[in-house]
Structure formats: C-alpha cells, structure tokens
Protein chains: 2
Amino acid sequence: MITIKDVAKEAGVSVATISRVLNNKPGVSDETREKVLSVIKRLNYNPNLLGRNLRRMETKMVLVLLPAISNPFYARIVKGIEDVAQKNGYGVMLCNTDSDIERERMYLELLKNKLSDGVIFMAPEIDEEELNDIGEKYAVVQCCEYKEGANVSHVSIDNYKASYKAVKHLIGLGHKHIGLISCKNNFLSTKHREAGYKKALEDSGIEFNPCYIRHGDYSFKSGFRAAHGLLNDFKEITAIFAISDIMAIGAIKACYENGLKVPDDIAIVGFDNISFAPMYNPSLTTVSQPKYDIGCTAMELLIKQIKNKGGNKENIVLEHELIIRQSTVK
Amino acid sequence: MITIKDVAKEAGVSVATISRVLNNKPGVSDETREKVLSVIKRLNYNPNLLGRNLRRMETKMVLVLLPAISNPFYARIVKGIEDVAQKNGYGVMLCNTDSDIERERMYLELLKNKLSDGVIFMAPEIDEEELNDIGEKYAVVQCCEYKEGANVSHVSIDNYKASYKAVKHLIGLGHKHIGLISCKNNFLSTKHREAGYKKALEDSGIEFNPCYIRHGDYSFKSGFRAAHGLLNDFKEITAIFAISDIMAIGAIKACYENGLKVPDDIAIVGFDNISFAPMYNPSLTTVSQPKYDIGCTAMELLIKQIKNKGGNKENIVLEHELIIRQSTVK
DNA sequence: TTGTATGCGTTATCAT
DNA sequence: ATGATAACGCATACAA
C-alpha cells in the first residue's frame, strides 16, 4: 500500500507538506504543490482515511435509519438528504432497520463507535428515553416520524391538518359514510391522522362511527383486507381514506374484486403520494408531503448540530398538499 | 470521551488486558475479565473503532451501489445481502448512484480510501476497463447486471432463457403479434432479453417485425408512451412484453386509456416480479428472479474475496421463474 | 515555506 | 496471566 510517507520520499519533501497539499492548506509554494500533485498521480496514491478520521476524530459520514428501503415513500427524502450531504462533504450510509429495534441498536453502534458523525431517524423504534440519551451525546434528527417526548430535533408535516383536508375533500364530494384504514402502531402521525379524520367529520356534522375504522400494518395486503371487511360489513360506505398510499392501493384492489368501481361506486384517498400513486389504475388521490425538502431540511439540521456539538434543537413543520386524481373524481 | 486507557486505569490493569477482553481473546483470568466488563459497563465505554480499523486496516463494512433505492426490484436483494453480511460481522452501506458515473466514482473513493472492505455493484456505470482495474485491487462483485468483459465476479439469472420463456407463454396463449418494450441502454440483460424475444418468435414460426420494438428507460411513463405508440400504430397487436415490471405497468395503464381491457383485449407480461406486480390492477404476469438468493450469493462471494485478498473470481447463474397472473390469463 | 515530532485509540508482539 | 510498547496513516503544533 502506498502511504503518505512514500509520496513524501518520492517527492523529496516531508509528510507535512504532502498533508498540506492534500488538504488544500496554504503555506506551500506553487512549485512544490505541483510537484507533489504529480507524484500523487504517478504513484496512484489514495489517502487512507482511517488515519485521517482517527486523527480528526470524525468521519464525515452520517447514518440514515429507515424501516425499509422498499417503501417508496422514502426515496425522495433520501435524495434530499444525499444532495445536502454531498454539498457539505458528507457521505450517507443508508441502513435498513426492518422496524427491528435490535437492528436499529446495531446500527446505532456505528454512531457510538465514532464511525458516523450523526444520525437521521426516519421512524425510531427506540423509546423516548433511549432517544433522549443518544440525543444528548450525539447529533440526531428525526425525519417525518418522531417521538414527542424526546428532546431531539424533528422535521415533518402537520399530519392532523393534512388528514383533515383529505377527509374534507371526500365530504365535499358528497360522501357521508367514510371508512378509515389506519394502523395499529404508536406512531404520532397515525394518532394525528386519526384525529384529523374525526375532526373533519365533526366539523361537517357527520357522526363518527368507530366501526368505520379498520387497522392495517402499512402493507398492501392489510389495506386489501381492511377494505374488504369495511365493504362487507357496511354497504352504505361510499368512500375510504387510508393513511398510506400502499394500503389505499390495496383498498382499490379490494373494491374491484368486490365488483365496485373506483371512483364511480366508491372513492379512495391515500397518503404520501408515492411514485406509484399516479401510476395506479385509477390514479390515486392522496396527500403529498414535500419529501425532497423534508430530506434537505433534516440534513441541514443535522449538519448544524454536528458543527455545534449537539446544540440547536429545532422542530420544523413543512407544508403538505392534497393532490386530486382519478380515485375520487368521476 | 472515554478511551481504553481510562478503562484500564479504572480497572487497575493494562490496556492490553482490556483489549483482550473486548475481543474475547484467551489469556485473561475469569476474575479479571469480569472486573473489566463491570468497569466497561460502569463507565459506559464504547470502543472507538477508528482506532481499531486503522490498526487492523479493515472496516468490516461493505458498499452496495444501486442506481436507485426507489426501484422496488432491489429491496429483496438488499435484504439477502444484509442478512449474510450481518451473519459474518459486516455492516452494509447502501449508496444511491442515480446511474450517475460521477456519483458512482465518488462512492468508490470509500473503497480506495479504506473506508470499505469491498463493493457490490447492482449496475455498474463505469466501463469494463475501469471495473477491471478496481477488481484487481479490491474485493468486487457484480449483482444482476454486469459487464461481460471485466474479470470481476458476478451473480445473475439467465436473462435470455427467462425472456424466451415469457414470450413463449404469450405465444402459447395464441398471440401472434407481440410488441416488445425494451430499453435503450448498454445493459447485457437488455441485449439478452431482446435476443430471447426474437428466438421465441423464430422457434414458433412467427416473423420478427422490428417495428414491434419500442424503447423506454425503465420508467412508468416510458412504458406508457411506448405502449401507446405500439397500440396506435399496430392495431393487430394483442400482447406486449416489457423487460421491466414498471414499464409493463405503464403499458397496462396505456391500454386502459386506449379503451382496451387487460387481459381481455391485450395481454401484458413484465419482468422482475417487484412487490407491486401482484398488487396492480390487474395483477401482473412476470418473470421472477430469486432476488433474496441473488443477494445472499453476492455477499457470500464478496466475503470470500475479502478473505482471500482478491482471488476467487466466480460467475454464478441462478434459476428464474415465470409467474402467471391476471394480466395474461382471461 | 518547509520540516520535525507527537499523538489520535486501538491491537499485537514480545517480555515478564 | 499480564504488562510495556511499537505500530497503523495521518494531521498539526511548533520549530526552523
């Protein structure tokens, strides 16, 4: 392996000079700099960052923990994170937690072991307390999903308002019996979206029927089953709001298999505006989150924290948008 | 920051002993070991892996370069990679190249800079020569997509046979005018899938019509446009084979918007069996790759190379499967 | 402008 | 069974 010493010897200067050239530091004559660069090129030298990282006690790498890369919702967010990271000289390590707390803890070791300068959680599995502990020692940002109790920055939309708007859209189309496909989990977003649904009904003088709520697990199948159950049990239902696009798509599929046409016989609204939403048949009305901006903002927050050694706790709420497509409008 | 020295001082032993305990090495009395462990716990000590990595000149991390994490095709492959990695004490860094050669090269720096012990390419952008150079110095495996010329291991399916089988399925259903939605790229898989299409026609005595081939770019929209064009120009077409599920889904959408029902008026076959294939409306007939196994195999190959310092060039072909769903069978 | 020398945290070799 | 110490590759404070 070629090291900085080899380059120094070959160029006839000291390692300090090589280091200066590598890091674009001043105090090197143009002549020397050029000679060094040519030797670096000739020897095909690549600095060993293990040495640099140890010395500087930083890695210029950040961790992004996501429940599943297969979830298309995260794609644009990650892009935002990556773009801001790159602009600031940071690399991004994407890590699948599978919503498994052990796997999440495993990856968090990378943080504790100094292999990463900070972490962005897409949906933390660990509880408020553990999150708080980590937040006190390391740079941490929560993105989209977050724990309320923890004193850790987050960036997200207002899920309550977004859900309210989606259900109001259905009510505006004349629907009075609106099913809800929610999830049985502890996500704050879930709680907020359910609350928004109820508030929209209430504000429109429609009585809330708890039986109209079914619970899935964000999967296509669970959306399918939930819709199937709703349609079987309550013939009067003419619209369904699902708190995720994938479950909404499962619901549409269930409608068709029950002989109901969307949107003619039943209207469906999703949440997230994943890339498949406009591709589906029919295309899906849904709530769009500013995913790219969310990612950018999260990374910016993280970098600020890294620079300020953990200060700067901030919570940022970005704007959502209701996108109306074929699944609700005849 | 707590270091190994602090632990040593607190436990009243030398750093060497701490290191032995940390690495589960023999030559430490049970008594001492226990004392050390208790001190480690009490001080909440986390070993700084920057030191270890420099010393051992390895990181126990591998790079996985994918064109886009948003492509659902990669999800199961990555899971296979991760599972095998974890079993062997390796961490996985997922990196989005966006099919951008510069971004790809940027991430390859992590390899050259010793921040990663090896790399798995899902679809290399760099050419044979550059790939070869990297393969000579570092542990490299190509997964699914690969460059033929490069002397670098790969694992994939037989795309020629798979494509042949898919088209034969359509012919078996009585279709004689079969459109092909391919891609304009340099992927070997594309070439092989086109060749399989032609060979299937030929073997069945159906004349190949070059005009029946349209080119997309793996996107939904490109599939939509390609199908739209085919249907407009050639009313006799009753079936379309797309070399990716996403384009196939675009094609189905185009059929519906042209007033054609799938599969009643036209049959569609995709390729990859992404998670959305069974969810679509209608569900999609497609070629399934053993994605999880492909991922596992790639990672196993990579670990072998890391251990053998670059030896062990191997090419492995795994079995595919045609999955028949609603989009072809009435 | 350039060089010398120290240390980052760890592991591993060689003593004891 | 345990300890002292050199080394890994690099950046940097200080000297020249």
Side-chain angles (χ1 to χ4, degrees), chain A residues 1-37 39-40 43-61 89 109-117 137 309, chain B residues 1-37 39-40 43-61 89 109-117 137 309:
Chain A
M1 199 177 63
I2 313 264
T3 75
I4 200 171
K5 275 188 194 169
D6 302 317
V7 179
K9 191 178 292 178
E10 184 74 15
V13 297
S14 75
V15 293
T17 300
I18 309 297
S19 177
R20 289 187 189 103
V21 172
L22 285 174
N23 296 287
N24 283 318
K25 298 235 164 150
V28 183
S29 73
D30 287 356
E31 193 189 2
T32 309
R33 171 166 268 124
E34 222 157 305
K35 184 171 55 179
V36 169
L37 285 173
V39 171
I40 285 176
L43 296 188
N44 193 23
Y45 165 70
N46 290 296
N48 183 330
L49 291 198
L50 295 176
R52 172 183 300 175
N53 290 347
L54 175 61
R55 179 60 223 246
R56 295 221 240 245
M57 209 49 71
E58 67 167 15
T59 60
K60 286 283 182 180
M61 286 291 219
E109 291 296 303
L110 297 180
L111 193 66
K112 298 180 178 173
N113 292 332
K114 304 283 175 201
L115 258 34
S116 157
D117 294 346
K137 289 187 166 188
K309 301 254 173 195
Chain B
M1 197 177 61
I2 314 266
T3 75
I4 200 170
K5 276 187 193 168
D6 302 317
V7 179
K9 190 178 292 179
E10 184 75 14
V13 296
S14 76
V15 292
T17 300
I18 310 297
S19 178
R20 287 186 190 103
V21 172
L22 285 174
N23 295 286
N24 283 316
K25 299 231 165 152
V28 184
S29 73
D30 286 356
E31 194 189 3
T32 308
R33 185 178 301 267
E34 223 157 305
K35 186 173 55 179
V36 168
L37 285 174
V39 171
I40 286 176
L43 296 187
N44 193 22
Y45 164 69
N46 290 296
N48 183 329
L49 292 197
L50 294 176
R52 172 183 300 173
N53 290 347
L54 174 60
R55 181 58 226 238
R56 298 222 239 244
M57 210 47 73
E58 67 169 14
T59 60
K60 286 282 181 182
M61 284 291 213
E109 291 295 303
L110 297 180
L111 192 67
K112 297 181 178 172
N113 292 332
K114 303 284 175 201
L115 259 34
S116 157
D117 294 346
K137 289 187 165 188
K309 303 254 170 196

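To find a chain, count down the sequence lines: A is the first, B the second, and so on, and within it residues start at 1. Keep in mind the model is a prediction, meaning the values are calculated, not measured.
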Would you say [X] reaches [N]'s phosphate, i.e. side-chain N/O to OP1/OP2 under 4.0 Å?
X	N	answer
A:Arg52	D:dA11	yes
A:Asn23	D:dA11	yes
A:Lys25	D:dT12	yes
A:Tyr45	D:dC10	yes
B:Thr17	D:dA1	no

Hey, which of these two, A:Ala16 or B:Val28, hits DNA chain D nearer its 5' end, going by closest nucleotide? B:Val28
Please evaluate residues B:Lys137 and A:Asn44 with respect to the criterion side chain to side chain contact (heavy atoms under 4.5 Å, CB included), reporting the C-alpha separation (whole Å), side-chain torsions for both, the decisive distance (0.1 Å), and the verdict. CA-CA 12 Å; B:Lys137 289 187 165 188; A:Asn44 193 23; 3.0 Å; yes
Using atom [atom1] of [X] as one end and atom [atom2] of [N] as the other, report the distance to the nearest whole Å.
X	N	atom1	atom2	value
B:Leu50	D:dA7	CG	P	22 Å
B:Ile2	C:dT10	CD1	C1'	16 Å
B:Asn48	C:dT11	CG	P	10 Å
A:Ile4	D:dC8	CD1	P	14 Å
A:Ile18	C:dT1	CD1	C1'	14 Å
B:Arg33	D:dA1	CZ	P	9 Å
B:Lys60	C:dT10	NZ	P	18 Å
B:Glu31	D:dT2	CD	C1'	13 Å

Contact class for [X] (heavy atom, under 4.0 Å): base, sugar-phosphate, or nothing?
X	value
B:Ser29	sugar-phosphate
B:Val13	sugar-phosphate
A:Leu54	base

If you check every side-chain atom of [X], which of [options] has the closest atom?
X	options	value
A:Met57	C:dC8, D:dT2, D:dC10	C:dC8
A:Thr32	C:dG9, C:dT1, D:dC10	C:dT1
B:Arg20	C:dT13, C:dT11, D:dG9	C:dT13
A:Met1	C:dT10, C:dG3, D:dG9	D:dG9
B:Lys5	C:dC8, D:dC10, C:dG3	C:dC8

Is there a donor-acceptor pair closer than 3.5 Å between any side-chain N or O of B:Asn48 and the backbone N or O of B:Leu50?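 Yes; at least one donor-acceptor contact below 3.5 Å.
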Donor-acceptor contact below 3.5 Å, side chain A:Asp6 vs main chain A:Thr3: yes
As a quick check of understanding, evaluate side chain to side chain donor-acceptor pair (under 3.5 Å) for B:Asp117 and B:Thr59, giving each step before the final call. CA-CA 6 Å; B:Asp117 294 346; B:Thr59 60; 3.1 Å; yes
If you measure from CE on A:Met1 to OH on A:Tyr45, what distance do you get to the nearest 0.5 Å? 8.5 Å
Within this structure, what is the CZ-NZ distance for the pair A:Arg52 and B:Lys114, rounded to the nearest 0.5 Å? 15.0 Å
Going by modelled atom types, is there a donor-acceptor pair between the base of C:dT11 and the side chain of B:Arg55 at under 3.5 Å? yes
